[in-house]
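As a basis for the values below, the full set of heavy atoms in this structure was taken, side chains included, without hydrogen atoms, waters or symmetry mates.
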Amino acid sequence: MKAILGRRSIRKFTGENIPDGDVKKFLEAAMAAPSACNQQPWHFIVLRDKKTHEEIMEIHTHSKMLSKAALGIIVCADPDLQTCPGFWVQDVSAATENILLAVHSLGYGATWCGIYPDDDRVWKIRELLEIPKNVFPLCIIAIGVPDKEKPPSNRYKQDRIHFEKWRTD
Ligand SMILES: Cc1cc2nc3c(=O)[nH]c(=O)nc-3n(C[C@H](O)[C@H](O)[C@H](O)COP(=O)(O)O)c2cc1C
């Protein structure tokens with residue numbers, strides 16, 4: 001609960017490095033996610049090259065936090081790996097959230113930047129990173145050492161919860 005409720009999108013980084021051992025932990029967390037029929041249709045592209053970060057920031061105008069990030073992880077889905085068709089978005093979203101939680105619990109910060117279903121971003125990022133045409137880049141996660149703390153945000157809304165049937169009274 002501490003990791004889940006304390007996680008926030010971090011967009012200001014110090015520019016410091018993150019060791020490979022911790023990046024492996026993020027990816028272990030990703031691949032521990034649940035997936036439909038346990039199909040695990042994911043692939044991950046780890047991006048440390050600052051030139052690539054620059055190129056992504058040009059394609060994806062809401063990913064400027066990459067400028068001081070230690071790395072980006074592109075979370076991809078290969079629908080051909082599905083055994084329960086149609087569930088890949090949920091599978092790779094679960095993997096993405098696991099990365100965010102692992103990053104936060106290890107003292108780093110991250111922001112989920114959506115790529116899919118924006119066609120322009122999908123095609124340009126596919127081309128830039130030589131991702132096969134049948135594979136979808138879902139998002140890029142910008143990860144770094146946080147430059148400042150962000151307090152938890154309480155979004156609990158009792159009126160969004162229904163018991164047994166959809167009742168609003
Ligand atoms: C599917 C998805 C796409 C998002 N895309 C972006 C993005 O492109 N750029 C960005 O700065 N934040 C992005 N976010 C982060 C949200 O803005 C953020 O999660 C939301 O404002 C709640 O803040 P919090 O993460 O600090 O709790 C995205 C989040 C999700 C789940």
Is there side-chain contact between [X] and [Y], with at least one heavy-atom pair below 4.5 Å?
X	Y	result
F26	N98	no
V46	L27	yes
H43	D78	yes
Y108	V103	yes
V122	P117	no
I10	K150	yes
C76	I45	yes
T111	I143	no

Specify the closest pair of heavy atoms between [X] and [Y], including all atoms of both residues, with the distance to one decimal.
X	Y	value
A142	A69	CB-CB, 4.4 Å
A3	L101	O-CD2, 3.8 Å
A94	P34	CB-O, 3.9 Å
F163	R167	O-NH1, 3.9 Å
Q82	P41	CG-CB, 4.5 Å
L100	A110	CD2-CB, 3.8 Å

Is it possible for you to say whether [X] and [Y] belong to one hydrophobic cluster, with membership spreading through side-chain heavy-atom contacts below 4.5 Å?
X	Y	result
I140	F13	no
V23	W42	yes
V75	W112	yes
M65	I18	no
L128	M57	yes

Would you say the side chains of D91 and Q40 form a donor-acceptor pair under 3.5 Å?
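No, no side-chain donor-acceptor contact under 3.5 Å.
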Within this structure, what is the [atom1]-[atom2] distance for the pair [X] and [Y], rounded to the nearest 0.5 Å?
X	Y	atom1	atom2	answer
H53	R48	NE2	CZ	9.0 Å
I73	L47	CD1	CG	9.0 Å
C84	Q90	SG	CD	11.0 Å
I59	I115	CD1	CD1	8.5 Å
S153	R7	OG	CZ	9.0 Å
H104	S9	NE2	OG	11.5 Å

Assess the residue pair H62 and C113 against the criterion (side chain to side chain contact (heavy atoms under 4.5 Å, CB included)); give the C-alpha distance rounded to whole Å, side-chain angles, the decisive distance to 0.1 Å, and a yes or no.
CA-CA 7 Å; H62 299 287; C113 299; 6.0 Å; no
Under 30°, 30 to 60°, or over 60°: which ring-plane class applies to H162 and W166, parallel, tilted or perpendicular?
parallel
Note: with side-chain heavy atoms under 4.5 Å as the link, the other cluster members for W123 come out as none
Taking atom [atom1] as the centre, does [X] end up with more than 12 heavy-atom neighbours from other residues, nucleotides or ligands that are less than 6.0 angstrom away?
X	atom1	value
F44	CZ	yes
E127	CD	no
K24	NZ	no

CA sep, side-chain torsions, deciding dist, call: F87, C37, side chain to side chain contact (heavy atoms under 4.5 Å, CB included):
CA-CA 9 Å; F87 287 98; C37 309; over 6 Å; no
With sequence neighbours excluded, tell me which residues meet side chain to side chain contact (heavy atoms under 4.5 Å, CB included) with D147.
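So D147 forms a side chain to side chain contact (heavy atoms under 4.5 Å, CB included) with K12, T14.
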Assess the residue pair L71 and I141 against the criterion (side chain to side chain contact (heavy atoms under 4.5 Å, CB included)); give the C-alpha distance rounded to whole Å, side-chain angles, the decisive distance to 0.1 Å, and a yes or no.
CA-CA 8 Å; L71 69 143; I141 309 174; over 6 Å; no
Side chain of [X], backbone of [Y]: donor and acceptor closer than 3.5 Å?
X	Y	result
E58	E55	no
K50	L66	yes
E16	V145	no

Check step by step if side chain to side chain contact (heavy atoms under 4.5 Å, CB included) holds for L138 and S93.
CA-CA 8 Å; L138 179 91; S93 296; 4.0 Å; yes
Do Y116 and W88 have ring centres separated by under 6.0 Å?
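They qualify: ring centres under 6.0 Å apart.
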